[in-house]
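A short write-up of the structure that comes next.
Throughout, a chain's letter reflects where its sequence line sits, starting with A, and its residues are numbered from 1.
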2 protein chains.
Amino acid sequence: MYSFTEENYLKAIYKLQEQSDVSINTNAIALSIQTKAASVTDMIKKLSDKKLLKYEKYKGVELTKEGKRVALETVRKHRLWETFLHSKLNFTWDAVHDVAEQLEHIQSAELIDKLDEFLGFPTHDPHGDPIPGRNGEIQQSNFILLSEFKVGEKGIISGVVNHSSLFLKHLEKNQLTLGRKIKITEASAFDLSMQIVLDDKNTQQLSHEVARNILVKKTK
Amino acid sequence: MYSFTEENYLKAIYKLQEQSDVSINTNAIALSIQTKAASVTDMIKKLSDKKLLKYEKYKGVELTKEGKRVALETVRKHRLWETFLHSKLNFTWDAVHDVAEQLEHIQSAELIDKLDEFLGFPTHDPHGDPIPGRNGEIQQSNFILLSEFKVGEKGIISGVVNHSSLFLKHLEKNQLTLGRKIKITEASAFDLSMQIVLDDKNTQQLSHEVARNILVKKTK
DNA sequence: AATAATTTTTAGACAAGTCTAAATTATTTT
DNA sequence: AAAATAATTTAGACTTGTCTAAAAATTATT
């Protein structure tokens, strides 16, 4: 139906739109998919002809309903595949993205539905990002940045903000993985670092840089 | 490393070479991948430049060692994915091929090794075709055409010759699926049809056309 | 409001892969 | 062995997606 490349553009634009709310400009797209502005102009003309987005010269783009649908479907596929790679094939947290980036373009509605069922209809991928449903519904999660937590508060590690391999490897090395219980025992007013306890057992120190990239579901 | 298209050509040539033993000509390749002879000429020039096959104008082609390696790797991927689709996602026998045709081009050695392990290192795909190993070794199977069987002989359905969706659906409808026990109870000298018993329970009549497309492992 | 800086678009070229139609080469028939 | 037929290759064009360099439009600065 839609090409590999078209899907990538739509996904990239969707993600930019999600973050910034204003209409998305050419340079931002070029940056996010590592290509040149001239190439972006060419492609958004094509996507505009196909009614996947609204485009006015020099004014940026906005996805149409159909464009958004395709983007969400691609995100759904990506996150389902990431879940498969992590929970069934034992890929590490940081290794799933690159392979899923390829798998997300396989064309078969049946495949995705069956994969979803096989995985037990997961709601979140291995990074804690929500997996859109068949009709594009996204379950809003009430995760809070760890850096917002006060001393004494507790929760469960549920997602990350930074998705870079470097960060994910760092977390894994320090056992800061999804599902772990976490409690704040100290917080420094000086460098904003915090002392935490994992699963009521291990104490460790986290920099602010780490804490502000971890999402936690608050518990009593 | 190699493109989607290059892999498809190499796989097609490998399969033709497997069947016919002589050097493969342009038209045969064009027919097998549903393209035009002119396109084939262009591509085999390219593959020849890359040392994936030996090509002499008007004389046909032959895979090099590296070309064969790539072909076998692609076949391995295809058959592992078919196995996954059938045994884990419950795809029907005849539906696995088209999706596997896409999945076989995903680039990740780690993925294939982990998939292989996840599936329990299967030796045959859902059609009874052998799955090449990591180094391209193919386990030769001693399957015999059902049409060669004599009255009284027994075996286990282990593969098919015809891979068409139409044939596979026919088999499924008649419970002639992999693993079933089969015994020949009658054979007609007139139309070469046979009467068989499945799993010591159900009797049915098979046309010669069906029997000569089923592979059976003989048992005592 | 004019100039400078930035962003975006256009123009033209390139690579991969495909195609049709015409020209070559090989094979078969007589 | 010549003629007819079939197979293969070449030439040139097209599509998708990309790029660089230059031109045009927009935004920011003074």
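Within the 4.0 angstrom heavy-atom criterion, only backbone atoms of the sugar-phosphate kind lie near T5(B); the bases stay farther away. Nucleic acid contact for F4(B): none, since no nucleic acid atom lies under 4.0 Å from a heavy atom of the residue. Within 4.0 Å of T26(A), counting heavy atoms only, lie sugar-phosphate atoms of the nucleic acid but no base atom. Using a 4.0 Å heavy-atom distance criterion, N25(B) is classed as a sugar-phosphate-only contact. Y55(B) comes within contact range of the sugar-phosphate backbone alone, with a heavy-atom separation under 4.0 Å but no base atom that close. Nucleic acid contact class of K45(B) (heavy atoms, under 4.0 Å, all strands): sugar-phosphate only.
Checking the phosphate oxygens (OP1, OP2) of dA26(C), no side-chain nitrogen or oxygen of K57(B) falls inside 4.0 Å. The side chain of T35(A) contributes an N or O atom lying less than 4.0 Å from OP1 or OP2 of dC19(D). Listed pair Y9(B) / dT18(C) meets the phosphate criterion, a side-chain N or O lying under 4.0 Å from OP1 or OP2.
The listed nucleotides are dC19(D), dT18(C), dT26(D); the one nearest the side chain of Y58(A) is dT26(D). In the set dA24(D), dC19(D), dT10(D), the nucleotide with an atom closest to the side chain of D42(B) is dT10(D). Distance from the side chain of A37(B) is smallest to dT9(D) among dC19(C), dT9(D), dT18(D).
Mapped onto DNA chain D by nearest heavy atom, S39(A) and K59(A) fall at different nucleotides, with S39(A) at the one closer to the 5' end. Ranked by how close their nearest DNA chain D nucleotide is to the 5' end, A38(A) and N27(B) are led by N27(B).
Cation-pi geometry between K218(A) and F149(A) is met: the NZ or CZ atom falls under 6.0 Å from the ring centre, inside 45° of the normal.
Checked against V160(B) for a side-chain contact (heavy atoms from CB on, under 4.5 Å), the options L146(B), D129(B), L171(B) give a single hit: L171(B). Evaluated for a ring-ring contact (aromatic ring centres under 6.0 Å, His included) with H97(A), the options H127(A), H163(A), H78(A), H86(A) yield exactly one hit, H78(A).
Counting non-hydrogen atoms of neighbouring residues, nucleotides and ligands closer than 6.0 angstrom, the NZ atom of K217(B) reaches no more than 12 such neighbours.
Using cut-offs of 30° and 60° for the angle between ring planes, the H105(A) and F4(A) rings count as tilted.
Pairing for dA21(C) is with dT10(D), a Watson-Crick or G-U wobble pair whose two hydrogen-bonding atom distances lie under 3.5 Å.
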